[in-house]
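Whatever order the structure lists them in is the order used to number ligands and atoms, beginning at 1. Just so you know, these numbers come straight off a predicted model, no measurement behind them.
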Amino acid sequence: MRKKITLIGAGQIGGTLAHLIALKELGDVVLFDVAAGIAKGKALDIAQSSPVNGFNVNLIGTDNYDDTKSSDVIIITAGVPRKPGMTRDDLLEINLKIIKQVAENIKSRSPSAFVICITNPLDVIVMALQKYSGLPKNKVVGMAGILDSSRFIYFLSKELKVPTQNIKSFVLGGHGDSMVAMLGSTEVNGKKISDLVKEGKIKQETLEEIVERTKKGGAEIVKLLEKGSAYYAPAASGIEMAESYLKDLKKQVPCAAYLNGEYGFKNIYAGVPIIIGKNGVEKIIELNLNQEEKKAFTYSVNSVMELYKNAQKIDPDL
Ligand code: TXD
């Protein structure tokens with residue numbers, strides 16, 4: 001019996017998610033959007049490519065939540081993306097209202113689903129989603145860290161002329177300008193990045209420029225596109241999380257997860273390394289952060305907490 005994957009939001013990321021799921025045959029796809037035509041058109045278009053790519057999954061588009069019933073995985077991109085000059089936080093009020101509506105419509109129909117939230121401002125929106133839906137905290141996660149880490153690894157691979165597969169790194173904390181590239185645990189060909197700096201393979205200031213470019217990675221693409229924001233890398237990142245759940249791969253990936261004392265924080269979502277398996281978030285990995293990383297991570301999570309307080313001012317139900 002094929003798994004059922006519902007995508008709430010059939011926009012740039014939602015459509016790309018649907019295409020990737022079909023190509024990888026991860027499960028049958030329900031593409032949901034309030035713009036029903038977009039959902040139906042994209043589902044039909046992708047389905048019509050099945051003879052070419054040889055995949056065998058069903059895809060439907062809909063604006064009826066009943067079609068999403070008993071989903072195994074739900075990936076949420078419903079909301080508005082940034083326009084040039086906007087910060088992710090500027091999306092809070094409008095996307096909070098949308099995520100409340102989504103939460104109320106999925107909680108009764110798919111109580112056992114693994115829910116991946118992508119909508120920005122990610123850390124606060126995923127926390128609001130979990131609160132509004134009441135779904136188990138280990139089954140509601142946010143996608144951001146994989147994308148941010150992927151951008152960092154890509155930039156580093158270009159600078160060092162090393163395949164991306166040979167670079168290990170994590171970008172943690174909030175999905176915003178305060179995100180933290182964990183340089184202490186960054187390795188290239190098994191070597192600590194700090195050793196490569198000592199050996200003159202990369203200048204410290206170049207490394208810092210790469211960290212800065214990663215923090216602004218989303219804004220750089222928003223500026224280039226002029227309308228909309230990144231969607232290929234965000235979709236690829238969401239699929240990695242869904243696949244680890246559906247196939248019980250127990251991958252260790254950076255995601256926005258509920259902290260209940262880990263890293264010294266409680267009752268907040270933030271980007272940390274987690275293990276994703278058939279039970280959802282199966283473990284939160286506590287890295288040994290050096291002093292600088294600890295300070296930056298604390299600042300980043302505090303920024304998420306500040307934004308969450310703004311969300312509570314908008315909706316006291318939170
Ligand atoms: O790393 C990350 N988490 C970020 C997240 C990476 C990139 C983009 N990020 C955010 O994802 C972005 O800031 C947005 O908040 C979401 C979705 O981005 P996308 O580029 O897919 O936006 P689109 O193309 O505008 O698609 C959003 C769809 C659109 O088709 C709307 O009709 C639909 O959402 N929408 C809704 N669907 C269901 N229910 C409601 N209420 C609704 N409102 C809008």
Side-chain angles (χ1 to χ4, degrees), residues 6-20 30-43 61-65 67-68 74-84 86-106 115-129 132 141-152 171-177 179 214-222 224-241 253-257 269-271 304:
T6 286
L7 307 175
I8 308 284
Q12 298 287 61
I13 301 177
T16 309
L17 286 166
H19 195 202
L20 289 171
V30 176
L31 199 44
F32 176 98
D33 201 297
V34 286
I38 298 253
K40 290 177 181 169
K42 289 190 179 182
T62 184
D63 63 350
N64 181 345
Y65 268 107
D67 293 327
T68 71
I74 298 177
I75 309 177
I76 301 168
T77 60
V80 298
R82 286 192 274 175
K83 293 181 178 61
M86 283 175 83
T87 69
R88 295 177 178 93
D89 295 0
D90 292 335
L91 302 172
L92 179 63
E93 184 145 9
I94 187 164
N95 285 347
L96 205 52
K97 284 195 187 76
I98 292 171
I99 212 71
K100 185 169 194 172
Q101 182 190 61
V102 173
E104 284 160 0
N105 278 288
I106 63 172
V115 182
I116 299 166
C117 182
I118 295 184
T119 303
N120 268 329
L122 189 268
D123 307 278
V124 168
I125 292 291
V126 65
M127 175 122 173
L129 171 70
Y132 285 138
V141 276
M143 185 299 287
I146 297 176
L147 171 65
D148 297 328
S149 305
S150 183
R151 285 171 171 161
F152 180 65
V171 175
L172 305 179
H175 180 52
D177 292 350
M179 65 177 80
T214 303
K215 290 180 179 182
K216 305 280 186 211
E220 181 181 359
I221 292 185
V222 167
L224 288 167
L225 294 179
E226 292 183 6
K227 187 184 176 317
S229 50
Y231 47 98
Y232 292 116
S237 304
I239 293 297
E240 177 161 43
M241 297 165 70
V253 283
C255 302
Y269 271 77
V304 174

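- Between Tyr231 and ligand 1, no pair of N/O atoms sits closer than 3.5 Å.
- Of the protein's heavy atoms, Gly11 CA, 3.3 Å lies nearest to atom 26 (O) of ligand 1.
- Between Ile74 atom CD1 and Ile116 atom CD1 the span is 10.5 Å, to the nearest 0.5 Å.
- Applying the 4.0 Å criterion to heavy atoms of Val80 picks out, from ligand 1, the atoms 13 (O), 14 (C), 15 (O).
- Close contacts of ligand 1 with His175, meaning ligand atoms under 4.0 Å from a residue heavy atom, involve 1 (O), 2 (C), 4 (C).
- Side-chain N or O atoms of Thr119 include one that pairs as donor or acceptor with a backbone N or O of Ala78 at under 3.5 Å.
- In this structure, Lys42 contributes its side chain and Gly11 its backbone to a donor-acceptor pair below 3.5 Å.
- Residue contacts with ligand 1: Gln101 is placed with a nitrogen or oxygen under 3.5 Å of a nitrogen or oxygen of the ligand (distance criterion only).
- Where the criterion is an N or O separation shorter than 3.5 Å, residue side chain and backbone included, Ile13 meets it with respect to ligand 1.
- Listed by number with element, the atoms of ligand 1 under 4.0 Å from a non-hydrogen atom of Ser229 are 8 (C).
- Within the 4.0 Å heavy-atom cutoff, Gly228 does not count among the residues contacting ligand 1.
- Here the straight-line distance linking atom OG1 of Thr77 with atom OH of Tyr231 works out to 13.5 Å at 0.5 Å rounding.
- Considering only non-hydrogen protein atoms, atom 39 (N) of ligand 1 sits nearest to Val34 CG1, 3.5 Å.
- Within the structure, ligand 1 lacks Ile38 among the residues with a heavy atom less than 4.0 angstrom away.
- Of the protein's non-hydrogen atoms, the one nearest atom 7 (C) of ligand 1 is Ala230 O, 3.5 Å.
- The single protein non-hydrogen atom nearest to atom 27 (C) of ligand 1 is Gly79 O, 3.2 Å, given as residue, atom name and distance.
- Considering backbone and side-chain N/O atoms, Pro234 never comes within less than 3.5 Å of an N/O atom of ligand 1.
- The salt bridge (charged side-chain N to carboxylate O under 4.0 Å, His left out) check on Glu104 picks up nothing, with sequence neighbours excluded.
- Atom 32 (O) of ligand 1 has as its closest protein heavy atom Asp33 OD1, 2.7 Å.
- Annotation: Glu93, atom CD; neighbour count of heavy atoms from other residues, nucleotides and ligands within 6.0 Å does not exceed 12.
- Looking from atom 20 (O) of ligand 1 to the surrounding protein, the closest heavy atom is Gln12 CB, 3.6 Å.
- Proximity to Leu91 (heavy-atom distance under 4.0 Å) selects the following atoms of ligand 1: 13 (O).
- Of all protein heavy atoms, the one lying nearest to atom 37 (N) of ligand 1 is Ala78 CB, 3.5 Å.
- Taking only non-hydrogen atoms, the option from Ile146, Ile116, Asn120, Asp90 nearest to atom 13 (O) of ligand 1 is Asn120.
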For residues 144-152, run the donor-acceptor check on the side chains, cut-off 3.5 Å, and write out each pair with its distance to 0.1 Å, sequence neighbours left out.
residue : atom : partner : partner atom : Å
Asp148  : OD1  : His175  : ND1          : 3.3
Asp148  : OD2  : His175  : ND1          : 2.7
Ser149  : OG   : Gly145  : O            : 2.6
Ser149  : OG   : Val171  : N            : 2.9

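- Of the possible donor and acceptor atoms, one in the side chain of Asp90 sits under 3.5 Å from a partner among the backbone N and O of Thr87.
- With values rounded to the nearest 0.5 angstrom, Leu31 atom CG is found 12.5 Å from His19 atom NE2.
- Without hydrogens or angle criteria, Asn95 side chain to Asn120 main chain gives a donor-acceptor distance under 3.5 Å.
- The ligand atoms of ligand 1 that sit less than 4.0 angstrom from a heavy atom of Asn95 are 15 (O).
- Taking NZ of Lys97 as the start and NZ of Lys100 as the end, the distance is 10.0 Å to the nearest 0.5 Å.
- More than 12 heavy atoms of other residues, nucleotides or ligands lie within 6.0 Å of CG in Leu225, so this atom counts as buried by the packing criterion.
- For atom 12 (C) of ligand 1, the nearest non-hydrogen atom from the set Gly142, Pro81, Ala39 belongs to Pro81.
- Summary of contacts: the protein heavy atom closest to atom 16 (C) of ligand 1 is Thr77 O, 3.5 Å.
- Close approach of ligand 1 to Ile98 (heavy-atom distance below 4.0 Å) involves ligand atoms 40 (C), 41 (N), 42 (C), 43 (N).
- For Leu147, every heavy-atom contact with ligand 1 shorter than 4.0 Å involves the side chain, none the backbone.
- Within ligand 1, the atoms closer than 4.0 Å to a non-hydrogen atom of Phe32 are 38 (C), numbered from 1 in the order shown.
- The side-chain heavy atoms of Val115 and Leu129, taken from C-beta on, include a pair separated by under 4.5 Å.
- At under 3.5 Å, a nitrogen or oxygen of Ile118, whether backbone or side chain, sits near a nitrogen or oxygen of ligand 1.
- Although no hydrogens or angles enter the test, the distance criterion places a donor-acceptor pair under 3.5 Å between the side chain of Asp33 and the main chain of Ala10.
- If you take CZ on Phe32 and CD1 on Ile75, they are separated by 15.5 Å, rounding to the nearest 0.5 Å.
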